[in-house]
Amino acid sequence: MASEQYLEVYRHSLSHILAKAIFEIFGKENVQYAIGPQIADGFYYDFILPRQVNKDDFKMIENKMREILKRREDWTEKEMSRAEALELFQGQKFKTELIEDLPEDERITVYYTGEDFVDLCRGPHVANSQELMGAAFEIRSVSGAYWRGDEHRDSLQRIYAYAFPDKQALKAHKALIKEAMERDHKKLGPQLDLFMFDETAQGMPYWLPRGWRVFNTLLEYWRGIHDLHGYQEISAPIINNKKLWLISGHWAHYVNNMFIIPGKDGTIEADDTMAAKPMNCPNAMMAYKRRVHSYRDLPIRYSETDVVHRKEKTGQLNGLFRVQMFRQDDDHTFVMESQIEDEIKDVLGIADEIYQTFGLSYRAELSTRPEDFMGDIELWNEAEASLKKILDGMYGEGNYEINEGDGAFYGPKIDLQIKDALGREWQCGTVQLDFQLPRNFELTYTANDGSERVPVVIHRALFGSLERFIGILIEHFKGAFPFWLSPYQVGIVPIRTEHNEYAKKVAGKLAANRIRFEADYSDKNMKEKIKYYKNFKTPYVVIIGDKEAEEGTVSLNLRGSNRQLNNIPLDTFIQMCLKMNAEHSLDLIDTLD
RNA sequence: GCUGGAAUAGCGCAGUCGGUAGCGCAACUGAUUCGUAAUCAGUAGGUCGAGGGUUCGAGUCCCUUUUCCAGCUCCA
């Protein structure tokens, strides 16, 4: 059996054991059991139980599971008719619903574990519990979940467990989880003084001096690339009259997610109702519309990083990953249909360059026409075909996923999922074709035959949101940003106050070369000064004492180790810094060649 | 929004049965003038998230509320 299948079989089998254990603990008649699938690192099972399960119960449940495994019971599959199955699961409402929802011709099978536990299941499973005895499992957590993911239906207790083939694998996985927790940007952010939140602005980050340096450096890098590709940045009103949202369609589809300022009469029905923008597109449409356009002007690329606000359900907020106020590296490009292909190729090329700069690998997903699509089906077909062609060319046929029917109602899209240092995936980049918004705003251009045509709009963001992307970078780099992106790139430590004079000369040289530094001229112990910079993960700590001052050199302490580079000529050090800034190097260099 | 947890000094934490709010780091003051991640001594710092209740007495018990966390659902 292939190992992946093996994982599936035994994880899923263990979920049956969990259910059996729960039955024995709470009494079969007191438990409603729903479903228990395997997941990436184990399995879960959903129940309705007579009381809340908590942490203190975990050991007891695990022990019960082990006790059950030791019985070495046989697992037997039984095929039965719908009527028999309904009879068997009488009183179990979720199982009953599952059976009733099965298609007429579906084979119905159940699995017995011993004589006294049965679950509706497609299988396959182990033949005897004995096979599971070597597996390592551990109850991880319990949380709320809804029956069939629907918040209007029964609320269930979901018991999660880790499960691996052996103890070593479980241990390795737990180490990975621990590593992820140590990288948590919600912990590192405040620790490194990058950003903060306050309860008076829920889900709206404060960028602190250090974090704002990272933010601006990132944006500066982004602007540099986009300038080369013919992008023009604009900035537009944050608060707009309701009228704008009526044209764009947001008022009909998105009003519940918008922060609204009611009109003078206190209602949102009033004509003078305003709202904070949740997206930049309508404003970009207005900017395009300000004058007539010739086909010769296209493509026109209006990029925008204005702050947007989206009201979210409170429980959905999550550090920088999910906020209510953020900035996207947004752009709206206006093109003729014939230009779509080249334009998207260019965008994907930029994405590739950017992600590589951070050492992030990624994969693409194509989402195609949904059922409730708008516009001309021919245009959709052509667009999807050309997107496929581009993706085939860039990543190779079959090297990207296709999500049929998952596109937006206004056009197909390509999403880019990036992978961080721990292999976790994040949706960041998105490239969406839009046939609808230009129509809503009655945008046109004059074609070469003199006719009025409607441009196609390409919405695209590559970081996704600067906030989320920086959150990902914090975790990816564990707070130790590459030199070029570090809030402060150099920390200057004069050993004694008498070295301040030369230290200030070094500082002046760094400043003149726009290298970001901090210096501590106080009479503190040099160890304390070094510790401070190390805690902030400053890439280079420059030590200055008698020798350096005399010879016009610096000694460097490199981040991530106690490695020393002694007596580097000051100019050489400056050149090293400039080189890393220019090349956006991922690693700290220790020499100029 | 839902389920479950949490909130005590700037940060990390302790606080037993309801009985005078504590520790470490950081901060501040002084001494030390130092060659690579915690020098020594001292000082100050609290409406125990907020509001209400029970009690002679509440950080501790009860109610309401805010924010955060783990999930669910939704998303960049």
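Letters go in sequence order (proteins before strands), and every chain restarts at 1. Predicted, not measured: the structure shown is a model, and the values here were computed from it.
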Whole Å only: how far is the CG atom of A:Asp46 from the P atom of B:rC72? 11 Å
Quick one: is A:Thr314 getting a side-chain N or O under 4.0 Å of the B:rG1 phosphate, OP1 or OP2? yes
Cut-off 3.5 Å, side chains only: do A:His459 and A:Asp330 have a donor facing an acceptor? no
Side-chain N,O (A:Lys531) to OP1/OP2 (B:rA26) below 4.0 Å: yes
Whole Å only: how far is the CZ atom of A:Arg158 from the C1' atom of B:rU73? 10 Å
Using purine N1 to pyrimidine N3 plus N6-O4 or O6-N4 for Watson-Crick, or N1-O2 and O6-N3 for G-U wobble, both under 3.5 Å, which nucleotide pairs with B:rC56? B:rG19
Is it the case that the ring center of A:Trp426 lies less than 6.0 angstrom away from the ring center of A:Phe321? yes
Return yes if the base of B:rU67 and the side-chain atoms of A:Gln202 contain a donor-acceptor N/O pair under 3.5 Å, otherwise no. no
Between B:rU60 and B:rG24, how far apart are the two P atoms, rounded to whole Å? 25 Å
Integer angstrom distance from the C1' of B:rU54 to that of B:rC72: 37 Å
Under 4.0 Å from OP1 or OP2 of B:rC34: is there any side-chain N or O of A:Arg496 that close? yes
Gap between atoms CD1 and P, on A:Ile543 and B:rG35 respectively (whole Å): 12 Å
C1' spacing across the pair B:rU55 / B:rC61, given as an integer number of angstrom: 10 Å
Would you tell me if any nitrogen or oxygen in the side chain of A:Lys313 comes within less than 4.0 Å of OP1 or OP2 on B:rG71? no
Using distance alone, with no hydrogens and no angle criterion, decide if A:Ser235 and A:Asp306 have a side-chain donor and acceptor under 3.5 Å apart. yes
Any donor-acceptor N or O pair under 3.5 Å, side chains A:Ser248, A:Tyr254: no
How many whole angstroms separate atom CZ of A:Phe321 from atom C1' of B:rC69? 14 Å
Does the structure show a Watson-Crick or G-U wobble partner for B:rA41, both distances under 3.5 Å? Name it, or say none. B:rU29
For B:rU65, the Watson-Crick or wobble partner whose two distances fall under 3.5 Å: B:rG49
Which part of the nucleic acid, if any, lies within contact of A:Asn257, taking any heavy atom under 4.0 Å across all strands shown: a base, the sugar-phosphate backbone alone, or nothing? nothing
Using the P atom on both, measure B:rA6 against B:rG15 and round to a whole Å. 13 Å
How far, in whole Å, is B:rU67 from B:rC40 if one measures between their C1' atoms? 41 Å
Donor-acceptor pair present, A:Glu548 side chain and B:rG35 base, under 3.5 Å: yes
Using a distance-only criterion (donor-acceptor N/O pair, under 3.5 Å, no hydrogens), is the base of B:rU36 paired with the side chain of A:Asn557? yes
Whole Å only: how far is the CG atom of A:Asp184 from the C1' atom of B:rA70? 11 Å
Euclidean distance for C1', B:rA44 against B:rG10 (whole angstrom): 14 Å
Is A:Arg11 close enough and on-axis enough to A:Phe43, meaning under 6.0 Å and within 45°, for cation-pi? no
For B:rC17, is chi within 90° of 0 (syn) or not (anti)? syn
Categorize A:Phe197 for me: base, sugar-phosphate, or nothing, with a 4.0 angstrom heavy-atom threshold over every strand shown. nothing
Which part of the nucleic acid, if any, lies within contact of A:Gly491, taking any heavy atom under 4.0 Å across all strands shown: a base, the sugar-phosphate backbone alone, or nothing? nothing
Hey, is the side chain of A:Gln316 pairing donor to acceptor with the base of B:rC75 inside 3.5 Å? no
Atom NZ of A:Lys527 to atom P of B:rU36: distance rounded to whole Å? 6 Å
For B:rC2, the nucleotide meeting Watson-Crick or G-U wobble distances (both under 3.5 Å) is B:rG71
When you compare B:rG45 with B:rG22, how far apart are their C1' atoms, in angstrom units rounded to a whole number? 13 Å
Assign each of A:Met325 and A:Asn566 to its nearest nucleotide of RNA chain B by heavy atoms, then name whichever residue's nucleotide is nearer the 5' end. A:Asn566
Using the C1' atom on both, measure B:rA9 against B:rA14 and round to a whole Å. 13 Å
Tell me whether the side-chain N or O atoms of A:Tyr44 pair up with the base of B:rG71 as donor and acceptor below 3.5 Å, since no angle test is needed here. no
Record whether the side chain of A:Arg322 comes under 3.5 Å of the base of B:rC74 through a donor-acceptor pair of N or O atoms. yes
Check the distance between B:rA38's P and A:Lys529's NZ and give it to me in whole angstrom. 15 Å
For side chain to side chain donor-acceptor pair (under 3.5 Å), just list the numbers for A:Asn216 and A:Glu220, CA-CA rounded to whole Å, side-chain angles, deciding distance to a tenth of an Å, and then say yes or no. CA-CA 6 Å; A:Asn216 281 323; A:Glu220 197 184 320; over 6 Å; no
Side chains of A:Glu233 and A:Ser303, donor plus acceptor under 3.5 Å: no
Counting only side-chain heavy atoms from C-beta out, which of B:rC72, B:rC68, B:rA37 sits nearest to A:Ile530? B:rA37
